[in-house]
Amino acid sequence: EVDFVFFMDTSGSMLQYYQAVVQSMLAFARANAQNPKVRFAVVGVPYPTESVCGLISNFEDAIGIQPIFTAIGNLPYSFGQEPTFDCPYIAVQAHNPLGLNFRPTASKVFISFSDEYGHSFFMPELEAPAVGAALSAAGVKFHSFSLPGDGMTSFKPMVDATHGFEFNLAQPADNLAADLLSLLSA
């Protein structure tokens, strides 16, 4: 069993990447259409307002999540303040403020799509190593689709702590899909 959580940057600067991201997410869901052991959830970063995390969809099977993935391009866009460190961190907290209904026996895989470097709006601010440690302690594998340079660098401690992978967000949909599908064998 695997519970995948997609952390989707909903800021306006992501508009140029949404089509490729949505196509790759749909390809990923279709590849799992016959697998009842795989579920998907989507968290908006931020959603529904600035600097907070919000649940766009709790866990669905591969068929049920496809309309959610398709609708991502129609979400109201934020104007920044993406809590890209805060959202994965709170998703593994015991009190589970996002309300994600993880299965107790499922592996947890978090996949982040963001064109920004990592941010925290907690006081005091979270740093990537602390988030990585929390994710690792919760048994999460964290993968990042971000931009080369500061974006990838800021998520690297989280990726490394969980033995995940980093991918370039700024690539054609077919390449994004291939990278996403490669996680099925990781």
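Only heavy atoms go into these numbers, but all of them, side chains included; no hydrogens, no water, no symmetry mates.
- Here the NZ atom belonging to K37 is positioned 15.0 Å from the CG atom belonging to D61, to the nearest 0.5 angstrom.
- Using the six-membered ring where Trp is involved, F167 and F165 have ring planes that are tilted, between 30° and 60° apart.
- A salt bridge is defined here as a Lys NZ or Arg NE, NH1 or NH2 lying under 4.0 Å from an Asp or Glu carboxylate O, and R103 with E1 meets this definition.
- In this structure, CZ in F145 is found 10.0 Å from CE in M25, a value given to the nearest 0.5 Å.
- Here the closest non-hydrogen pair linking P129 and P157 is N-CB, 3.9 Å.
- Scanning all heavy atoms of the two residues, the minimum distance from P88 to F142 falls at CG-CE1, 4.0 Å.
- Atoms CZ and CE, on F85 and M158 in that order, are 6.0 Å from each other to the nearest 0.5 Å.
- Distance check: L176 CG to Q23 CD gives 9.5 Å after rounding to the nearest 0.5 Å.
- For the 3.5 Å distance criterion, the side chains of S114 and S112 fail to qualify, holding no donor opposite an acceptor.
- Annotation: the span from S24 atom OG to Y17 atom OH amounts to 13.5 Å, rounded to 0.5 Å.
- Taking CD of E166 as the reference point, atom OG of S144 lies at 6.0 Å (rounded to 0.5 Å).
- Taking every heavy atom of both residues into account, N96 and A91 meet most closely at OD1-O, 4.3 Å.
- The existence of a salt bridge linking D3 and K108 is excluded, since no basic side-chain nitrogen approaches an acidic carboxylate oxygen closer than 4.0 Å.
- Ring geometry, F6 versus F113: the interplanar angle falls under 30°, so the pair is classed parallel (tilted spans 30 to 60°).
- Ring orientation note: the planes of F69 and F40 are nearly perpendicular, at an angle over 60° on the 30°/60° scale.
- Contact between D9 and D115 at its shortest, heavy atoms only, is OD2-OD1, 3.1 Å.
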Quiz item: Given Y18 and L15, is the side chain to side chain contact (heavy atoms under 4.5 Å, CB included) satisfied, shown in steps?
Solution: CA-CA 5 Å; Y18 275 153; L15 285 173; 3.8 Å; yes

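- Contact between S57 and E60 at its shortest, heavy atoms only, is OG-CG, 3.7 Å.
- Here the closest non-hydrogen pair linking E82 and E116 is OE2-CG, 3.3 Å.
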